[in-house]
Amino acid sequence: MSDLIGLFNLLAPFFGLIGLGFYCGKFVKQPESGLAWMQFFVIYIALPCLFFRLIADKPLDQLTNWPFIAATTLATLCAFALSFATGWRHTKDLPQSVMQGVAGSYSNIGYMGPPLVLAAIGQAASAPVVLIFVFDNLLLFSLIPLLMSVAGVEKLSLGATIRRIVWRILTHPFNVATALGVAASYLHLTLPGPVNQIVTWLSGAAAPCALFILGVTVAMRPLLRIPGEVPILVLIKLVLHPILVWVLLSAVGDFGATWTYAALTMAALPPALNIFVISTQYNVGVERASACVLIGTLVSMVTLTGLLYLVSTGILPYDLFP
């Protein structure tokens, strides 16, 4: 019973903030344009500060764990392939299938991942959290425009598409913050006192603002119907994706309980809000994206709680092949 109470105390603030945002989005009559500055603050200011702090004090060898990177990224690729195949089976449409591949593989690793995993597992989990965030984003934000270009949705040549991908990767605020964190780790740099205080404040603002925005944004997307493949995509995202991570990490090597449980939790997170942003950008599968984010977030209240219970009680071994 005490384990369940502890889990409730851990998860309630996260889902509570999402619920508060959802309530405000439904009943407080404010224009959607009002979210723009808050989204800018979270994406370009607060979350980059959080990622910098997670990386800057880590030994560099923790950030070059290539077997771990390969296993977790391959698991995300497998989840993408399964979700893509599900979409193709239902629609026979390449752009729609790409978006469904994203819905079944892209966790909420930016908004929910760092604060939840660090609260559940501890600060020692910050290195695997950062690695999964960086390399999952590199994988998916390379795959999506390439496949959309093949499908004819991205009206650019292959060379122009690749140049755009490289530029977006290099200039994305999260990746810039990661690079600065790696440089600070390598050079053993420390921030001046006032700057460090500002970064600390901004890091603390990242999670509550991001979760509130998630709730508001989901509330503003009317869900008229649930497409038939959405339950399958949610199952892949919340159940099969963490199982794939568990199997592959166990097969590759012994990464220890902290790193393995951090990876499992990251994979078990609900679909990311970015799925809706991407679908809107390409004007493909917007209704499915809304349904996946909303239903995935609701269902994850049960599945994520179950996973963390198994982890906290030691019922779930971190290595399948000891």
Side-chain angles (χ1 to χ4, degrees), residues 2-11 13-14 47 50-76 79 107-139 174 177-178 181-182 184-186 203-204 206-207 238-270 300 303-322:
S2 61
D3 290 324
L4 290 175
I5 294 173
L7 280 177
F8 175 81
N9 291 336
L10 171 67
L11 293 173
F14 291 90
L47 281 173
L50 175 61
F51 279 99
F52 176 84
R53 288 193 66 84
L54 290 178
I55 298 169
D57 62 346
K58 295 293 174 296
L60 201 58
D61 60 341
Q62 289 191 15
L63 304 175
T64 54
N65 192 332
W66 298 112
F68 178 86
I69 292 167
T72 53
T73 307
L74 178 59
T76 300
S107 298
N108 199 329
I109 51 178
Y111 284 10
M112 288 185 70
L116 177 58
V117 175
L118 297 184
I121 300 175
Q123 287 294 320
S126 58
V129 165
V130 169
L131 291 176
I132 290 169
F133 176 85
V134 170
F135 285 92
D136 273 14
N137 276 328
L138 287 176
L139 171 69
F174 296 169
T178 300
V182 170
S185 172
Y186 177 74
S203 301
L238 299 181
V239 179
L240 289 184
H241 189 185
I243 289 175
L244 286 167
V245 168
W246 190 31
V247 171
L248 286 172
L249 284 177
S250 298
V252 170
D254 185 350
F255 295 98
T258 297
W259 280 59
T260 302
Y261 288 148
L264 283 172
T265 307
M266 291 284 276
L269 293 170
S300 72
T303 57
L304 195 54
T305 301
L307 173 66
L308 290 175
Y309 175 78
L310 295 175
V311 167
S312 64
T313 56
I315 296 174
L316 185 74
Y318 71 86
D319 193 343
L320 267 173
F321 315 116

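As the structure is a computational prediction, the values presented were derived from the model and not from experiment.
From Thr73, atom OG1 reaches atom CG of Asn137 across 10.5 Å, with rounding to the nearest 0.5 Å. For the atom pair CG (Asp136) and OG1 (Thr76), the distance works out to 3.5 Å, reported to the nearest 0.5 Å. Interatomic distance, Thr178 OG1 to Phe133 CZ, rounded to the nearest 0.5 Å: 6.5 Å.
Proximity of Leu131 to Trp259: side-chain heavy atoms (C-beta onward) are separated by under 4.5 Å at one or more points. Thr265 places none of its side-chain heavy atoms less than 4.5 Å from the side chain of Val129. Between Val252 and Phe68, the closest side-chain pair of non-hydrogen atoms is not below 4.5 Å. Between Leu269 and Ser300 the shortest side-chain heavy-atom distance does not fall below 4.5 Å. Between Val134 and Leu138, the closest side-chain pair of non-hydrogen atoms falls below 4.5 Å.
Across every non-hydrogen atom of Pro270 and Met112, the tightest pair is CG-SD, 3.7 Å.
A donor-acceptor pair is defined here as one N or O able to donate and one able to accept, closer than 3.5 Å; no such pair exists between the side chain of Thr260 and the backbone of Ala257. Within the 3.5 Å criterion, the main-chain N or O of Trp246 finds a donor-acceptor partner in the side chain of Ser250.
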Carefully, step by step, assess Thr258 and Tyr318 under the rule side chain to side chain contact (heavy atoms under 4.5 Å, CB included).
-> CA-CA 9 Å; Thr258 297; Tyr318 71 86; over 6 Å; no
